[in-house]
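All remarks here apply to the structure that follows.
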Amino acid sequence: MTVTARIREVAPPITAAPETESMALTVHDLVTEFRTRSGPLRAVDGVSFAVPRGGVLAVIGESGSGKSAMLRSIIGINPPSARIEGRVQLGHRDLLAMSPRERRRTRGREISMVFQDPLTALDPVYTVERQLTETIRKQDPGIGRGQAVARALELLELVQIPSAAARLKAYPSELSGGMRQRVVIAMAIAGRPSVILADEPTTALDVTVQARMMRLFREVQSEVGSGLVIVTHDLGVAAELADDVAVMYAGRLVEHGTADEVLTRPAHPYTEGLIEANVRPGQDRRPNAIPGAPPSLRRLPPGCAFAPRCRYAVADCWAGQPSAATVAGDHWSRCLLVPAAEREPS
Ligand code: SF4
């Protein structure tokens, strides 16, 4: 049997994200293209997914796969020269169809973002109290100053900052990296947004603080009831935190399913490579888990973008981009060799 004969196509197309009332965020066929001197660069290419209220989606992949550009397109902070297409729905409202003013009003109240480096989100010249109360009053203009301070204190306690009252008076430079990131999380949840986006939120922190911080993030997010999309290169974080995992390569999602399915029964060779390359304390790295480097988004190979690095590649892989095929239930993969069980290393 040829590899193409093994494809199990699904109808309707499984790249169409479900659109239901229960979804906090629905992204449909999102495209982000940057104009560059050497021509257009498509950083995000037809990405679709949905995150329910209270749910967590982890997006994994190497640097340069388009993960951050995708988050920035969703919240609307890419440079104005970026061309963005598709639909980004908060409930039933399409963020991409809103005016810039309407869109700005959703930030913080309905959708917020936690960046990798807390220092980019905090202003070094203002105290934590000033920055938190400003955020709170922006979300809720009717609130009095005293109430805003009380709410800021509550938020610091929610993110488990010790001696919260004293920390309110501190400047960001007087806090540890972990505490600064807790303040940033407090700011992100201040407006009780229905969606939180997080771009490698613990990467800048000490390894011992990372796991604690991620657990806290999950606790706080589920208490607020937001849908969370977290971009991470750390598969341990994805396994611990996420309900679903999406794998991104060269601007496209190549695999999607529950965290358990994707991380224990990967159906795309790229996911398999990421898992093999994920070094855990006390383990030796497998240096050739994924040979080569991600392709330039300006010069993608024909067919499957992963083909030049794929140990299972066959001639058909170069013929055209593989469409998504169901592995089991909601688990799908864009690989001609689905299901994974049928693949053997060449
Ligand atoms: Fe699958 Fe072929 Fe792409 Fe490898 S090159 S991921 S076998 S479609």
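What you see is a predicted model, and the numbers here were worked out from it, not measured in a lab. The figures here come from the full heavy-atom set of this structure, side chains too, leaving out hydrogens, waters and symmetry mates.
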List the atom of [X], the atom of [Y], and the distance in Å for their closest heavy-atom pair.
X    : Y    : answer
R103 : I74  : NH2-O, 2.8 Å
P322 : L336 : CB-CD2, 3.9 Å
Q131 : A121 : OE1-O, 4.4 Å
P193 : A188 : CG-O, 3.3 Å
D29  : S48  : N-OG, 2.8 Å

Kindly indicate, with the supporting measurements, whether the criterion side chain to side chain contact (heavy atoms under 4.5 Å, CB included) is fulfilled by V159 and V183.
CA-CA 8 Å; V159 295; V183 172; over 6 Å; no
Any Lys/Arg nitrogen of [X] or [Y] sitting under 4.0 Å from an Asp/Glu carboxylate oxygen of the other?
X    : Y    : answer
E134 : R130 : yes
D260 : R265 : yes
R309 : E62  : yes

Non-neighbouring partners of Y270 that pass ring-ring contact (aromatic ring centres under 6.0 Å, His included), sequence neighbours left out:
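Partners of Y270 by the ring-ring contact (aromatic ring centres under 6.0 Å, His included) criterion, ordered by chain and then number, come out as Y249, F306.
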Treat each ILVMFWY residue as a node, draw an edge where side-chain heavy atoms are under 4.5 Å apart, and state whether Y171 and M179 are in one component.
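No; tracing contacts between hydrophobic side chains, which count when under 4.5 Å, never links both residues.
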Atom [atom1] of [X]: over 12 foreign heavy atoms under 6.0 Å:
X    : atom1 : answer
E154 : CD    : yes
D94  : CG    : yes
R105 : CZ    : no
R35  : CZ    : no

Are any side-chain N or O atoms of Q139 and backbone N or O atoms of R109, one a donor and one an acceptor, separated by less than 3.5 Å?
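Side chain of Q139 to backbone of R109: a pair is present.
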Chi angles and distances behind the salt bridge (Lys or Arg N to Asp or Glu O under 4.0 Å) call for E157, R167:
CA-CA 10 Å; E157 282 165 356; R167 305 291 182 207; over 6 Å; no
Can you list, by chain and residue number, the hydrophobic cluster partners of L41 when the side-chain cut-off is 4.5 Å?
F34, L297, L300
Tell me who clusters with V125, hydrophobic residues only, linked when side chains sit under 4.5 Å apart either directly or through other members.
Y126
